[in-house]
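Below, chain A is the first sequence line, B the second, and so on; all start at residue 1.
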2 protein chains.
Amino acid sequence: MSSQSKNTRTRILDAAWKLLESGATVRMSDIAKQAGISRQALYLHFPTRADLLIATTRHLDEAKDIDDRLAASRAAGSGRERLALFVEAWGNYIPEIHGVARALMAMQHSDDEARNAWSGRMQAVRIGCEAAVAMIEADGMLAPHLDRDTATDLVWTLLSVPNWEQLRLTCGWSQVSYVTEMKRLTERAVIAPGH
Amino acid sequence: MSSQSKNTRTRILDAAWKLLESGATVRMSDIAKQAGISRQALYLHFPTRADLLIATTRHLDEAKDIDDRLAASRAAGSGRERLALFVEAWGNYIPEIHGVARALMAMQHSDDEARNAWSGRMQAVRIGCEAAVAMIEADGMLAPHLDRDTATDLVWTLLSVPNWEQLRLTCGWSQVSYVTEMKRLTERAVIAPGH
DNA sequence: ACATTTCTTGACATCATGTCCAGTTGACAG
DNA sequence: CTGTCAACTGGACATGATGTCAAGAAATGT
């Protein structure tokens, strides 16, 4: 892979990123134009649209240091704190990836590859949820009627991208309100009353 | 509109209903075949796919008496009870309309008409949420940091179809668990602690 | 029996993805 | 300077879905 090829690849990913960020419907030809190459050249780098979108999310993850940001919650001294830190990290990451996420979710229904890619990424988020829930459980603060899996399902679902879309875009909440309210809501969902 | 025409229309809607219920991807030609007519005849009754899907939801609403079922929560003696009854009514309605809902949500990104239709239906659900929240507020039990709109947004978001899909299909929850947990969760989300 | 509405058949337009191929350009090696 | 290789271009084409159009068949009502 020559350096020119790397440049082109990066130009494509940046172009896809920029266009998707704007929220518009993005065709392969739009991305090609934005990257300054022919539509066919896209297919020399990415065999399908799904591949391109998936590569774009990885590109974004790298650029935005998502791993580091999510890992920050590991420093927490309590389960409750860890949950709050995780909600903050993930909740503030959503808007940055929302354009790509949206495109990938829209393809889920028709494309297996896209579905697997997105579900894999969400599974990673679930692991973060589980770690916080496990710590809460270790602290003896897990709501009595919940087991760890169920509690993880709950937190994970609360933190889904569609929920962010609804509160933030449909209901018009600010990002700060969203994060604040999600911290409270996830706590109340899984931490035993009275703690 | 002759009676034969009515019959055909109904046959189409029933065909669409049945196919969508199965969860598969449904083309216009599939619906035509299932209804026993030509693909072109569909367009004599419904100008576009979106129109057909929208008509199918209305057809379902009628067949399933959704209005009566949602209205049942109006008999509640307290805000808390009203919320529980609403969660139960709507939560148990979701699986019955899920096939059509799924198709309509998938079209949202590309079709204005579909987006408006779906958003209109969701707005009706929001009104049900708001009624419950208003009664809770009147009972003096609304969580102190929430106003009525914000609390309604929260309950409404918790009860969204994507959340149902995630818990029920992705996480494998039973319908009973979903409803039970949603009752608890919506309560904890909007009712002041200690009540 | 006639007229009108409904439905069928088949051809066609459109739009996006993805494939194929012949030819061009640019960099680098000998 | 020249030949080679890889990346890229341009154009044509296949596919699959929605939606349109027009000519005729069939059923229905009067």
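For A:Asp67, there are no salt bridge (charged side-chain N to carboxylate O under 4.0 Å, His left out) partners at least two apart in sequence or on another chain. Taking the salt bridge (charged side-chain N to carboxylate O under 4.0 Å, His left out) definition, one finds that A:Lys33 meets it with nothing, sequence neighbours left out. The salt bridge (charged side-chain N to carboxylate O under 4.0 Å, His left out) check on A:Arg168 picks up nothing, with sequence neighbours excluded. Not counting sequence neighbours, the partners of A:Glu96 by the salt bridge (charged side-chain N to carboxylate O under 4.0 Å, His left out) test are A:Lys64, A:Arg69.
Counting to the nearest Å, the C1' atom of D:dA6 and the CG atom of A:Asn7 are 15 Å from each other. When rounded to the nearest whole Å, the span between CD1 of B:Ile12 and C1' of C:dT6 equals 11 Å. For A:Asp111 and C:dA16, the CG to P distance is 18 Å, given to the nearest whole Å. A:Tyr43 has its OH atom 15 Å from the C1' atom of D:dG11, to the nearest Å. Distance, A:His45 NE2 to C:dG18 P: 16 Å, rounded to whole Å. One interatomic measurement links the two molecules: CD of A:Glu113 to C1' of C:dT17, which rounds to 14 Å at whole-angstrom precision. Between the CE atom of B:Met107 and the P atom of D:dA17 there is a distance of 14 Å, given to the nearest Å.
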Tabulate below the donor-acceptor pairs under 3.5 Å that side-chain atoms of residues 100-110 of chain B make, not counting sequence neighbours, or state none.
from: B:Arg102; atom 1: NH1; to: B:Gly23; atom 2: O; distance (Å): 3.0
from: B:Ser110; atom 1: OG; to: B:Met107; atom 2: O; distance (Å): 3.2

List, one per line, each side-chain donor-acceptor pair under 3.5 Å for residues 129-143 of chain B, sequence neighbours excluded.
from: B:Glu137; atom 1: OE1; to: B:Arg148; atom 2: NE; distance (Å): 2.8
from: B:Glu137; atom 1: OE1; to: B:Arg148; atom 2: NH2; distance (Å): 3.2
from: B:Asp139; atom 1: OD2; to: B:Gly79; atom 2: N; distance (Å): 2.7

Donor-acceptor contacts, no H, no angles, side chain residues 185-195 of chain A, under 3.5 Å, sequence neighbours left out:
from: A:Thr186; atom 1: OG1; to: A:Met182; atom 2: O; distance (Å): 2.8
from: A:Thr186; atom 1: OG1; to: A:Lys183; atom 2: O; distance (Å): 3.0
from: A:Glu187; atom 1: OE1; to: A:Arg80; atom 2: NE; distance (Å): 3.4
from: A:Glu187; atom 1: OE2; to: A:Arg80; atom 2: NE; distance (Å): 3.2
from: A:Arg188; atom 1: NH1; to: B:Arg188; atom 2: O; distance (Å): 3.0
from: A:Arg188; atom 1: NH1; to: B:Ile191; atom 2: O; distance (Å): 3.4

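Contact check of residues 17-33 of chain B against DNA chain C (heavy atom, cut-off under 4.0 Å) returns no residues at all. Listed by residue number, the members of residues 47-56 of chain A with any heavy atom below 4.0 angstrom from DNA chain C are A:Pro47, A:Thr48, A:Arg49.
Residue-level contact check: B:Leu44 touches the bases, meaning some heavy atom is under 4.0 Å from a base atom.
Under the 4.0 Å criterion applied to side-chain N and carboxylate O atoms, B:Arg27 and B:Asp30 are assigned as salt-bridge partners.
The list of salt bridge (Lys or Arg N to Asp or Glu O under 4.0 Å) pairs with a residue in residues 43-61 of chain B, not counting sequence neighbours, reads B:Asp61-B:Arg121. Legend: ring pair (Phe, Tyr, Trp, His ring centres under 6.0 Å) pairs involving residues 116-137 of chain A, not counting sequence neighbours: none detected.
Of the listed nucleotides (D:dG19, C:dG18, D:dC8), C:dG18 has the atom at the smallest distance from the side chain of A:Arg39.
The closest side-chain donor-acceptor pair between A:Gln34 and A:Trp17, if any, does not fall under 3.5 angstrom.
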Using a 4.0 Å heavy-atom cut-off to protein, can you give one letter per nucleotide of nucleotides 20-28 of chain C, 5' to 3': B if the base is in contact, S if only the sugar-phosphate is, - if neither?
B--------
